[in-house]
Amino acid sequence: MSCSKGKLSSLFTNPERPTSSNSSKLSSLFFTTQVIPRPTSSYPTTSTEAPSPSVPIQTPLEHFLQTNCKSGNFTLNEALHYFDRMILMQPVPPMASFNRLLGGLAKSKHYSHVFSFCIKLTSSGLLPDFITLNILLNCFCNVKRVCDALVALGSMIRRGYKPSAVTFTSLVKGFCMEDRIDEALRLLEKMIKFQCQPTVMTCGTMINGLCRAGKTSVALRLHEDMSKGNGGFGVYCKPNVVTYGIIIDRLCKDGMIDEAKDLFLEMKDRGILPDVVVYSALIHGLYYYEKWEVGKALLHEMVHCGIKPNLVTFNVLIAALCRRGNVKESSDLLKLMVHRGISPDLFTYNTLIDGFCLVGCLNEARELFHTISSRGCQPDAVSYNVLINGYCKNWKIHEAVNVYEEMIRRGVRPTVVTYNALLTGLFKLGRVQDAQMLFAEMQTQNVLPSSSTYKILLDRLCKNDCIPEAMEIFHTLENSSSCELSVEIFNSLINGYCKARKLEIAWDLYHKMSKKGLVPDVITYSMMIHGLCIEGQLEKANGLFLEMEGKGCAPNIVTYNTLMRGFCQNNNLEKVVELLHKMSERNLSPDNSTTSIVIDLLSKDENYRKCLDWLPTFPASSELKAEVTNFKSFA
DNA sequence: TTAGGGTTAG
C-alpha cells in the first residue's frame, strides 16, 4: 500500500506517537490525548441576546450554516470568514455547526480547505466528532488518498466510534477511484463483519466503480442479486432509480442501447420511476448512436411525465445537434434554456464552441469563446482545446498557436489534448521541426505524452520521411514504461518503412510485434502485403493474405484491392478474378478503387479477349459490372 | 452536519 507523500499524509505515519510539532495538524484529530477539548455550546449563535420564542431571528452565521452551506451558495472567503469567527467565539459553537461548514466545503469540492480547516480546529483545541471524521475520510477518498482515509478509519475505531454505512461507502468510492476494484468488492462483503449492512448508496457506489472500470457484467450481476434479494455480494437492499441510472448510462456508453432500453422498461415495470438523470442519460445514448426518432420520443415522454429538462438535458441536446452540424438549432436551444431560467454552464459554451468549429465557423467560435467570462464562467482547458483543435483542423495553425499562448498567459494549464491537437496541426502543414520543438516544450511543461501523442509523432514523422527520428522515439518507448507499445504504433512504423522501400526492416517490426504479444490487425497485414507487392514478391504477399485469413483476421476491401493491384501489375488476370470471387463470397462490395484496378487490367490488350470469357459470371457489384460493360463497348 | 447516478475537447 502506498501512501501519498503530501504534507498532510505524512502526519499519519506514526499515529500512536504524535510529536509536539504535528499535534496541531490533521493527525491530531485522531488523538484525544493531544487535544484539550474546549467546551462547545449546544446551539449555534452569534448573538448575546436570546432568540425570541415566537419570532426566531436567524443570525447571519446561522443563515450561512443552514442555507448557504447546504446549497453550496457561498464563496471561499465567506467560509473562511465564518470559520475564523466561529473558532474565536465564546462559547464555541457545537461541532455540528463546524460540520455544516465542512460539509458545505466538501460538497463544493474544496477538499484542501477541509483539510486546513480541520487542522485549525484541532490546533484550537476542538475535538472533531464522528461526523467530522466521516467528512474528512470522504474528502481523503475524493482526492484519491485512500491510504490516509484508512488511517482515519483506524483512528475512528480507536476513539470508540463504530464505522457506519456512510464511512464504508466513502471507502468503497475511494478504492474504486484508485482502480482498486477488488479491494472495494472485498470491503463491501466485509461490511457485515462490522455489523454494518450495505445500503443502496453503498451498492450504487460499488456499481458505479465497476461500470467505470469496464466490469459492466459484474455490475449487472450485483444489480440482479439486489433485485432478487438472494444475498449475493452480501447485500440485501433493493435497486433504486440511481442504481438503474448508473447501469443504463454505462450500457449507453458501451453502445448497448437496446439493453439500456430494456433496463429502462424493467425499472418502470418494477414501479421505479425514472428521473431527469435517467432520462438524460438514455436520451444522450440514443442521440449519440443516431437513434434520433427514439431519442425525441423519449424526450416527449419525459416532458409528458412532468419531468422538466434541466441544464444537463439541455447540454445533451445541444451536443447532439452540434455533432450533426446543426449549430443554428443548438443556438436556438441555448436561447430557450435561458428563457426557461436555466443558466448555461461551461459545458454548454464549450459544446457550442466545438459545434461552431465543426462547421468551420471559426469567427463565431472565437466570438463565443470571448464572451464566456462576461457570461459568468471562466474558460477552462477544454474551452481552449476546443478552439485550438478547431483552428488546427481548419489549417489555421498560426491562430491555434496564438490561442495556446493566450492559454498559458492566462494561467490555464495545457493538457495532453492541447499538445496532441497542435502537433497534428503542425505535422499536417509539414512543419516537422516546429512539431518536434513543441513536443520538447510539452515535456518542459510537465505534461505527460499519451499513447495518442506517440501515435501522432511516430505516424507523422514516418509520413514526413523522418524515419530515424521516429525510430529514436520508438526505442525510447521500448525501454521505458511510460507508454505501452501498441499495434497502431507498430503500424505507423511498418507503413513508413514499406513506403521507404525498406521492406526488411518492416518485416523485422512485423515479427517483433508478435514477440511483444501484440496481434497484427487488418491494417498491419494490408501494409505488409502492399510492401511485398511493391517489391514484386507476389507469392509472399499471397501467402500473408492466406495467413491472415487462417489466423482469423478478415481481409477488408483495402487488403483485397492491394493484392489485386499487385496481381494486376503482374498481369495476372486469373488471380484478380479469383480474388473478386472471394470478395463476393465474403459479401464484400467492390469500391471505386476495385473498379479502377479492373479497368486498368482490361485496358491491357491481351486481357480483353479473356475478359469476354469471364465477364458473364463476373462476381461484382452492378456498378462495377456496368463500368466493365461500358469499357467493353468502348473498346 | 457525513456516502451513490447523467452533459464538453484530441
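If you're wondering where the values come from, they're calculated on a predicted model, not measured in any experiment. All chains are named by letter (A, B, ...) in the order of the sequence lines, taking the proteins before the strands, and each is independently numbered beginning at 1.
Within the 4.0 angstrom heavy-atom criterion, no nucleotide atom of any strand lies near A/D129. Among the heavy atoms of the strands lying under 4.0 Å from A/S450 is at least one base atom, whether or not backbone atoms are also near. Residue A/A421 is classed as having no contact, given no heavy-atom separation below 4.0 Å to the nucleic acid. Nucleic acid contact class of A/N240 (heavy atoms, under 4.0 Å, all strands): base. Within 4.0 Å of A/T205, counting heavy atoms only, lie sugar-phosphate atoms of the nucleic acid but no base atom. Residue-level contact check: A/T167 touches neither bases nor backbone, having no heavy atom under 4.0 Å from any strand. Among the heavy atoms of the strands lying under 4.0 Å from A/T199 is at least one base atom, whether or not backbone atoms are also near. As judged by a 4.0 angstrom heavy-atom cut-off over every strand, A/V386 is placed among residues touching the sugar-phosphate backbone only. The residue A/A381 sits apart from the nucleic acid: no heavy atom pair falls under 4.0 Å.
At the phosphate of B/dG10, OP1 or OP2 sits under 4.0 Å from a side-chain N or O atom of A/K393.
With ring centers used as reference points, A/F98 lies 6.0 Å or more from A/F117. Ring centroid separation for the pair A/Y349 and A/F369 does not come in under the 6.0 Å cut-off. For A/H113 and A/F83, the gap between ring centers reaches or exceeds 6.0 Å.
No donor-acceptor contact under 3.5 Å links the side chain of A/D275 to the base of B/dG6.
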